[in-house]
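Supplied in structure tokens, the structure appears directly below.
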Amino acid sequence: MTDAKPPAALQPKDYASDQEVRWCPGCGDYAIIKAVQKTCADLQLARERTVFVSGIGCAARFPYYMDTYGFHTIHGRAPAIATGVKLANPDLDVWVIGGDGDLLSIGGNHLMHVLRRNVDLTVLLFNNEIYGLTKGQYSPTSRPGTRSPSTPTGSLDNPVSAAHFALGSGGRFVARAIDTQQKRLPDILRRAHDFKGTGFVEIFQNCIVYNDAVFSDFTDRDVADDRQIHVEHGEPLLFGRDRDKGLRLDARTLRLEVVAVGKDGIDEADILVHDEENPTLAALLAAMEPPDFPVALGILYCAPAPSYETQVSEQVAALSGGQWPGAVSGDIDALLRSGHTWTHR
Amino acid sequence: MTDAKPPAALQPKDYASDQEVRWCPGCGDYAIIKAVQKTCADLQLARERTVFVSGIGCAARFPYYMDTYGFHTIHGRAPAIATGVKLANPDLDVWVIGGDGDLLSIGGNHLMHVLRRNVDLTVLLFNNEIYGLTKGQYSPTSRPGTRSPSTPTGSLDNPVSAAHFALGSGGRFVARAIDTQQKRLPDILRRAHDFKGTGFVEIFQNCIVYNDAVFSDFTDRDVADDRQIHVEHGEPLLFGRDRDKGLRLDARTLRLEVVAVGKDGIDEADILVHDEENPTLAALLAAMEPPDFPVALGILYCAPAPSYETQVSEQVAALSGGQWPGAVSGDIDALLRSGHTWTHR
Amino acid sequence: MQLTGAQFTLATALSGNDLATFPDFPAEIRAPVGTTYGVSAFQIHFGARAIRTVGDRVDVLVAMNPAALKVNLDEVRKGGLIIVDEGSFGAKNLAKAHFQSNPLEDGSLDAFRVSRIDMSALTIEAVKPFGLGRKDALRCKNMWALGLVFWMFGRDREPTLAWLQQKFADKPEVAESNIAALNAGHAFGETAEMPSELPAWTVPPAKFEPGLYRNITGTEAMAWGLLAGAQLAGLGMLFCSYPITPASQLLHTLAGLKRFGVVTFQAEDEIAAIGAAIGASFAGSLGVTSSSGPGIALKTESLGLAVAAELPLVVINSQRGGPSTGLPTKTEQSDLYQAVFGRNADAPLAVLAARSPADCFDTAIEAIRIATRFMTPVILLSDGYLANASEPWRIPDFSTYEPFPAKFHGDPDGFQPFLRDPETLARVWAKPGTSGLEHRIGGIERDYDTGDISYDPINHHRMTLVRADKIAGIARQIPEQAVDQGEASGRLAVVGWGSTYGPISRAVTELREEGIAASHVHIRHLWPFPANLGALLSGFERVLVPEKNNGQLATILRSQFQIEVESFTRVTGRPFKIENLKQAMTAAVEG
Amino acid sequence: MQLTGAQFTLATALSGNDLATFPDFPAEIRAPVGTTYGVSAFQIHFGARAIRTVGDRVDVLVAMNPAALKVNLDEVRKGGLIIVDEGSFGAKNLAKAHFQSNPLEDGSLDAFRVSRIDMSALTIEAVKPFGLGRKDALRCKNMWALGLVFWMFGRDREPTLAWLQQKFADKPEVAESNIAALNAGHAFGETAEMPSELPAWTVPPAKFEPGLYRNITGTEAMAWGLLAGAQLAGLGMLFCSYPITPASQLLHTLAGLKRFGVVTFQAEDEIAAIGAAIGASFAGSLGVTSSSGPGIALKTESLGLAVAAELPLVVINSQRGGPSTGLPTKTEQSDLYQAVFGRNADAPLAVLAARSPADCFDTAIEAIRIATRFMTPVILLSDGYLANASEPWRIPDFSTYEPFPAKFHGDPDGFQPFLRDPETLARVWAKPGTSGLEHRIGGIERDYDTGDISYDPINHHRMTLVRADKIAGIARQIPEQAVDQGEASGRLAVVGWGSTYGPISRAVTELREEGIAASHVHIRHLWPFPANLGALLSGFERVLVPEKNNGQLATILRSQFQIEVESFTRVTGRPFKIENLKQAMTAAVEG
Ligand SMILES: Cc1ncc(C[n+]2csc(CCOP(=O)(O)OP(=O)(O)O)c2C)c(N)n1
Ligand SMILES: Cc1ncc(C[n+]2csc(CCOP(=O)(O)OP(=O)(O)O)c2C)c(N)n1
Ligand code: SF4
Ligand code: SF4
Ligand SMILES: [Mg+2]
Ligand SMILES: [Mg+2]
């Protein structure tokens with residue numbers, strides 16, 4: 001930078017690249033990119049230090065639309081490639097974007113391994129329960145019975161739950177959000193970003209063309225209050241328009257139940273309080289499904305632990321006495337002469 | 001078979017092939033194959049209908065030693081290949097054998113997908129927390145700090161828990177066992193086999209060469225009673241030499257605690273009763289680690305649901321009016337003439 | 001637009017013309033209307049003579065908006081007719097298409113005949129009775145245009161009317177509106193409203209071999225061929241795939257044909273797909289897997305297993321532009337190296353390619369025949385063009401196809417899993433469930449005589465050779481290479497493979513009509529080559545190999561035969577232009 | 001046994017002999033002692049002349065049990081010396097080795113000189129003072145044998161004694177026992193107990209170019225070469241791998257060299273490994289990944305991404321026997337097709353091969369030079385033989401190596417990520433973190449001029465050609481192909497690549513000594529070939545290509561040059577025998 005003036009604060013639009021955005025009109029991806037750009041501006045992320053890595057899919061087109069560094073890679077491999085980016089330069093702020101096919105079908109293994117390693121990445125899974133880019137086949141998150149071009153008579157597999165899978169893989173930050181909730185989404189993204197480790201966010205994203213309204217059972221305006229619970233650390237797990245419903249644990253069956261606060265002698269003290277660091281609660285929340293339960297949104301789980309690339313950098317720095325990242329150092333001549341040598345004359 | 005006499009009952013040894021077993025002397029795999037052969041005999045499995053499918057690794061050599069059909073495939077892919085075997089012929093009794101590297105490192109994704117689909121396979125994961133066949137590199141289940149040829153200064157990644165991962169993947173039968181417990185192992189194998197869906201068993205297996213005694217913190221004779229809990233459906237979760245320790249749930253923190261039965265006014269009624277069908281309990285049990293907790297063994301979770309290949313066969317049989325498996329049927333000439341046709345003269 | 005194209009294709013076929021189509025759609029799912037990258041095009045070539053290509057140049061372009069004009073203008077022949085929807089040429093759409101000025105006004109279309117019709121307004125007018133909003137009304141614009149084009153070429157509206165009624169059975173107002181638009185467009189042509197520059201063409205029926213015909217896409221033919229082949233082999237079929245453009249349609253088509261008893265399995269990725277297919281073959285069914293270049297790449301390691309275990313397997317590759325993600329919706333034939341050479345170790349297998357949409361039927365059957373007869377994986381190369389394109393097909397009588405029932409081993413006596421047929425060198429297929437044939441196979445080298453694991457040096461050499469010989473021996477069991485057109489020796493052989501058949505064939509015909517001696521050789525069996533191929537090509541002074549890749553068949557031919565080979569390539573994601581081919585051939589003849 | 005071999009190698013090197021070694025161990029980890037598949041062998045060839053192979057035939061075989069005798073007997077030259085541990089020839093061990101009768105008794109060793117020594121008993125005796133159990137005592141048997149062999153060849157025991165002391169520093173009784181056994185074996189030779197058939201040899205030192213020498217395995221040389229190359233390029237290195245035989249050792253070696261600032265990453269699989277390496281290169285480090293055939297196969301799709309994105313990347317393939325799992329611990333050079341052609345689409349990249357253990361050092365540097373200078377993936381072919389074998393190496397002066405610092409783009413002016421160097425056609429490398437160079441790349445085809453996504457037909461053709469031209473242009477920046485031995489034209493060129501260098505070189509020398517004119521050409525740059533290769537080979541009447549595969553280089557040479565090529569192959573998992581090579585060469589000269 002030749003210019004010495006302090007740069008003016010970056011606006012969300014400053015994070016948009018000059019490329020035409022090519023999602024279908026009405027696609028939930030538009031809402032998500034808006035929230036991401038707002039998050040970037042909120043955090044004043046340096047564009048040159050920010051890298052978006054994606055696989056293949058509609059969601060994975062994301063990097064092209066961000067005026068940062070970006071790598072649109074191949075289907076399913078973004079978590080692995082992003083791991084390399086981060087290991088090579090831990091100073092970079094690395095985001096992974098992918099769809100439910102990208103990250104849970106072909107890429108499920110890489111996702112598991114970044115989660116267990118706790119690589120410092122922000123991973124956004126755009127879950128539209130369908131393969132958008134390839135024109136609408138069912139995905140591993142599609143509900144049983146989904147009719148799609150590849151399952152004209154209805155799909156038969158049980159879906160995997162992204163959040164449940166992330167927890168089972170040893171993920172230490174697991175959150176959930178809805179594409180269009182522009183008030184809440186940036187907060188969740190900020191928390192995921194600030195998490196020093198893998199910040200995993202499942203975003204319910206509406207594919208208007210191939211799976212329209214698949215989430216309407218809990219996102220439709222008229223049911224939203226009763227079918228969504230926005231969890232906050234330290235706050236009681238209340239929901240409903242009048243926040244008069246709550247989650248209680250049946251300690252005998254180890255199952256959650258929805259109770260009406262103020263009725264039948266139930267008061268707020270009976271309601272579970274959200275504890276981000278509790279993996280059991282996180283799993284219970286992740287498993288809730290409408291219509292019997294609300295869908296849990298927000299930060300389900302957050303249990304900080306050292307991130308992988310930090311430990312890697314520290315280990316190599318300690319052994320090399322240098323800095324990582326840095327060029328290969330050390331005395332090659334001495335290396336070549338280490339161990340037994342002898343001279344011929 | 002030309003012989004009409006009713007065949008004599010098969011003995012465990014009748015399931016052994018004529019191939020020399022080539023594991024290192026003292027390897028835990030010997031104990032496991034013994035238990036499997038016993039299970040086969042207990043169940044009088046028909047050798048010609050039994051298929052062992054494996055990937056690559058020491059564990060994966062298993063099929064060669066069984067006098068059944070066997071397919072020693074490639075690293076990590078056994079669950080996928082076994083899915084094909086089972087879909088092609090649901091009458092076969094299909095077992096999958098693999099190590100922690102095979103099924104959790106390279107093969108984690110396929111394992112996840114068979115589990116969520118609930119394909120009727122019996123999956124035995126021989127977890128020795130190391131790559132045996134390739135001479136001792138650390139694996140995704142190795143404990144942090146493991147010194148191995150590829151991590152001479154200690155590994156840095158958090159391990160994945162096989163059982164926890166299986167649960168997070170939507171697995172419906174998750175069990176755990178120890179290689180040398182020849183009384184218990186066949187029972188667990190039998191249950192896994194009889195489960196109509198993916199019966200997943202993690203077997204702690206000692207690699208005497210590269211990771212000897214890695215499980216000794218809970219398998220050594222002197223600590224076994226206090227560091228193992230053998231869970232039984234409907235029974236209280238008690239352990240210890242005198243069965244005087246139990247697991248209790250702290251309903252406030254949603255965490256398990258080990259309590260002494262008979263002390264401090266605690267009696268058996270305070271102790272959790274094992275419920276195989278409870279996923280939350282299964283996850284709590286799977287997460288227990290010594291020294292603070294005993295390792296949970298036995299059937300942690302069992303929640304039957306229709307198996308994938310059954311549904312697939314039913315769907316195709318219903319649509320074709322025939323039987324699956326069966327040759328492609330139907331009138332090709334009619335197919336070729338379906339839709340608009342016209343004649344040139 | 002693709003649906004509109006399909007309707008016109010059908011009507012044209014029914015009117016007795018020969019035809020070829022080329023759908024060309026964007027990589028984006030529903031790119032904003034009006035952008036250049038969102039243009040969905042459908043090209044059709046028809047006529048009274050035999051049609052083998054979609055044509056070099058477009059005679060009539062119907063451009064529904066400025067972007068469509070922009071993207072396709074290059075394809076229109078000078079003097080050709082361009083019909084535009086004038087109503088869509090507003091400032092906003094012009095800007096979206098990056099026009100600086102209105103091409104209808106600025107003289108840039110002077111070389112063409114241009115017919116400006118406000119189709120938007122006319123459509124809105126036509127569907128007014130049905131009370132649709134403006135947006136919905138405009139959805140009927142394509143039908144209006146189709147009506148007009150039906151009139152221009154004297155096509156029958158009936159099948160399309162029936163199709164609309166059926167398609168929108170539960171939305172009668174949509175059906176009615178579309179029908180009204182179609183009729184209005186037709187009427188527009190027929191009545192005085194017709195602008196003078198719009199001629200009504202009469203294209204007489206082409207000469208066809210007598211018989212029953214249908215229109216068929218490569219995807220349909222491939223799916224049906226697989227069913228037919230499995231039936232001829234007497235096998236069940238497990239079709240395993242992971243969606244990928246342009247291969248997904250085959251999965252979709254077969255998923256819709258479960259009534260034939262085929263099981264389709266959408267796997268979690270391409271590796272699982274081929275894995276399941278291999279598992280199925282091990283279990284005694286026919287495993288088939290299908291993908292496109294990047295997905296086939298992922299199957300590489302598993303293909304090695306199928307080669308080592310000597311299991312039958314059919315792998316269909318609908319090639320697309322590469323490398324990597326490349327041009328997913330565009331056609332290319334650049335995976336030949338991968339098919340023939342793209343595995344670790346010496347891992348030979350058979351490679352076939354289909355030449356036209358209808359040819360996919362026979363090629364699929366041939367793939368199954370070879371896979372089961374020789375216990376080997378077979379890669380069948382299709383491509384994005386074949387998958388989507390269609391052509392009229394004289395429907396064969398299936399009873400004339402010779403069955404080739406797969407043989408399962410049954411005799412435990414002297415059984416070992418690598419017992420070989422002395423003639424084909426194929427190993428026996430012993431199906432789990434068969435008592436007395438319990439056996440273990442895998443990827444580790446096995447003893448020639450016992451089938452057990454073997455690390456023996458000499459045995460490995462022997463097995464390497466027997467695997468190679470088995471595949472080489474396929475050459476003895478396939479037809480000799482025929483000459484498609486022209487003499488069996490002479491000045492120039494033009495050698496093609498795959499979907500370039502149409503253009504090469506047309507170009508050779510035209511050259512020959514101009515008196516230039518050129519012969520067309522089109523190879524279906526790409527590995528091993530037909531036994532006579534080397535000798536055949538040696539009979540020509542020059543051999544020209546036009547390919548939609550950077551010269552892959554040319555390289556392989558050079559590696560196998562001691563002949564000089566010239567390569568002509570155009571790697572554009574589109575079919576060859578006859579004009580370019582003819583130039584290259586002429587140069588080769590003269591050069 | 002491998003450790004014992006390593007000690008003898010070291011002592012031999014220190015005594016001034018030239019040497020070559022060939023460790024040959026089983027696929028099973030610790031197969032039961034006494035079984036034939038459990039035999040671990042170590043072959044060493046040393047002498048006063050230049051040693052280029054491990055030798056066709058063994059002069060002295062030390063067989064520690066019947067199985068070892070059985071497996072290796074074929075390798076011993078008639079009249080050679082066989083020393084057996086008589087104590088291990090009990091009935092049980094004979095049965096385990098599937099001997100029907102005792103070969104020491106039944107005359108089957110009549111063609112050899114046999115020395116029967118009860119090493120078991122002598123070892124137990126020797127270590128008695130240290131109170132080991134029988135089993136532990138017998139663990140010292142190898143050292144006893146080593147002591148004897150040290151005596152036979154007049155080797156110095158000191159380094160081994162020091163090594164034992166260090167290795168068992170925390171188990172003094174084990175150290176002492178082994179030392180006692182070693183000394184006892186040595187004393188056995190020196191004293192009257194020595195059987196008369198055991199001669200003491202004196203092998204005079206070989207002639208070496210003056211300089212400082214060391215012994216080096218291919219794995220060490222490769223690891224060190226990578227560090228050296230990264231240092232010359234001024235880059236950080238992320239080495240990403242997934243264990244696989246015989247590639248794992250490279251991971252192990254580099255993991256032990258973190259003090260040079262290299263980061264090693266054991267990924268979850270091969271795809272993740274290459275993915276992380278590609279990510280590292282994108283981020284401005286040097287990404288390196290390493291595997292063997294089946295693992296390289298898995299990297300195919302990702303390699304296409306690196307080609308499309310034009311990122312530097314080094315991919316090391318330690319080839320092993322195939323197809324599929326094949327012969328994991330045996331060597332082979334059958335992944336050449338895969339390296340050159342094994343990707344979907346037209347996806348060219350550079351391919352190199354090392355010829356000897358020490359040559360891995362320079363070849364690794366060359367791979368990094370090409371990868372960074374041309375922004376391309378480079379596949380470097382090694383193999384199981386090179387990975388494990390060792391040879392004496394004249395240690396180079398690293399300061400004589402020319403640095404080739406990688407250039408990172410810095411200027412935002414006119415920047416686009418696919419700006420090309422007009423000479424090399426390499427695109428710029430713009431490192432994340434650099435302000436003003438924010439950009440997006442990926443696998444979709446991109447515009448030649450702007451770097452943006454482009455589906456344009458002409459642009460795709462242009463990009464296809466520029467990718468090919470860039471790789472072809474490497475030929476201008478590599479040394480011309482030299483003739484290793486013999487004239488630059490004439491009757492016969494013997495063309496090799498990779499680890500067959502030693503045997504071919506020796507065979508050609510011997511042939512030339514016999515007065516037969518043959519030249520040896522050994523190719524390091526396998527794609528693109530050196531610019532003069534075609535012309536060079538055309539200067540020979542015959543071209544013979546010996547390979548440890550089914551003729552892959554031969555096929556590729558035919559495809560590139562209009563020349564006749566003869567192929568000679570032995571796919572046995574072992575190095576060539578000089579004898580076989582000479583036969584083939586003589587036949588070629590005469591034929
Ligand atoms: C190796 C490979 N396999 C398959 C594909 C085809 N493909 C592209 S995107 C995609 C799935 C898209 O679904 P998802 O990841 O959920 O993203 P969405 O489009 O729904 O946002 C598939 C199967 C590919 N590009 N590469
Ligand atoms: C594609 C591929 N990658 C790597 C390997 C090498 N390999 C063989 S087994 C194995 C891991 C063995 O560990 P595990 O699965 O835990 O089995 P174990 O030997 O411990 O029983 C590896 C990395 C291979 N054979 N194929
Ligand atoms: S297909 Fe669906 S996910 Fe893809 S851009 Fe369109 S609406 Fe969005
Ligand atoms: S290396 Fe370990 S796991 Fe493998 S056979 Fe030996 S003891 Fe068993
Ligand atoms: Mg999706
Ligand atoms: Mg293991």
Side-chain angles (χ1 to χ4, degrees), chain A residues 19-27 29-30 54-61 64 72-77 100-110 128 130-142 146-157 160 207-212, chain C residues 2 25-38 67 95-98 135 219 239-259 263-273 290-295 297-298 320 322-326 328-329:
Chain A
Q19 300 293 300
E20 268 173 293
V21 183
R22 296 187 179 187
W23 289 308
C24 306
C27 175
D29 292 349
Y30 285 98
S54 66
I56 301 286
C58 294
R61 288 293 180 94
Y64 289 118
H72 178 234
T73 69
I74 47 179
H75 198 35
R77 315 304 171 187
D100 42 318
D102 205 29
L103 291 177
L104 284 174
S105 194
I106 190 168
N109 203 35
H110 306 303
N128 54 14
I130 211 81
Y131 292 167
L133 190 70
T134 47
K135 310 206 167 166
Q137 300 85 0
Y138 85 120
S139 94
T141 57
S142 297
T146 297
R147 281 173 198 265
S148 78
S150 56
T151 52
T153 42
S155 66
L156 300 169
D157 353 3
V160 67
C207 169
I208 196 169
V209 174
Y210 293 113
N211 216 11
D212 194 23
Chain C
Q2 301 303 321
F25 40 81
E28 281 74 23
I29 294 307
R30 209 159 273 187
V33 178
T35 58
T36 49
Y37 58 85
K96 270 201 216 168
H98 303 294
K135 212 169 132 196
T219 297
F239 180 88
C240 309
S241 186
Y242 182 70
I244 186 168
T245 306
S248 313
Q249 286 136 288
L250 185 57
L251 167 64
H252 305 170
T253 304
L254 282 163
L257 291 168
K258 296 216 179 79
R259 62 180 188 279
V263 171
T264 60
F265 173 55
Q266 178 177 313
E268 58 270 28
D269 65 13
E270 286 85 352
I271 301 178
S290 152
S291 188
S292 179
L298 284 170
R320 66 187 214 184
S324 194
T325 308
T329 57

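A, B, ... follow the sequence lines: proteins, then strands. Residue 1 opens every chain. In what follows, every heavy atom counts, from backbone to side chain, and hydrogens, waters and symmetry copies are set aside.
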Problem set entry | Part of C/Leu298 lying under 4.5 Å from any heavy atom of chain A | side chain
Exercise. Should A/Lys135 and C/Ser248 count as side-chain neighbours, where that means a heavy-atom distance under 4.5 Å?
Worked result: no
For this session: Check whether C/Ser241 gets within reach of chain A through its side chain, its backbone, both or neither, counting any heavy atom under 4.5 Å.
Result: neither
For this session: Taking all heavy atoms of C/Ala267 and all of A/Ser105, pick out the closest pair and write down the distance.
Result: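 In this case the closest contact between C/Ala267 and A/Ser105 is O-OG, 4.4 Å.
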For this session: For chain A, find which of C/Gln266, C/Gln249, C/Glu268 contributes the most heavy-atom pairs closer than 4.5 angstrom.
Result: C/Gln266
For this session: Heavy-atom distances under 4.5 Å only: say whether A/Pro140 touches chain C with side chain, backbone, both or neither.
Result: neither
Exercise. Can you tell me how far CZ of C/Phe265 sits from CG of A/Asp157, rounded to the nearest 0.5 angstrom?
Worked result: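 The CZ atom of C/Phe265 is 7.5 Å from CG of A/Asp157, to the nearest 0.5 Å.
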Exercise. Closest approach of A/Thr73 and C/Thr325, non-hydrogen atoms and distance?
Worked result: O-OG1, 4.0 Å
Exercise. Which bit of A/His75 comes within less than 4.5 Å of chain C, counting heavy atoms only: side chain, backbone, both or neither?
Worked result: side chain
For this session: Among A/Ile106, A/Ile208, A/Thr153, single out the residue with the greatest number of heavy-atom pairs under 4.5 Å to chain C.
Result: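 Winner by heavy-atom pair count: A/Ile106.
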Exercise. Can you check whether C/His252's main-chain N or O pairs, donor with acceptor, with A/Ser150's side chain at less than 3.5 Å?
Worked result: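 No, because the side chain of A/Ser150 does not come within donor-acceptor range (under 3.5 Å) of the backbone of C/His252.
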Seminar exercise, completed: Heavy-atom nearest pair, C/Ala255 first then A/Pro149, reads CB-O, 4.2 Å
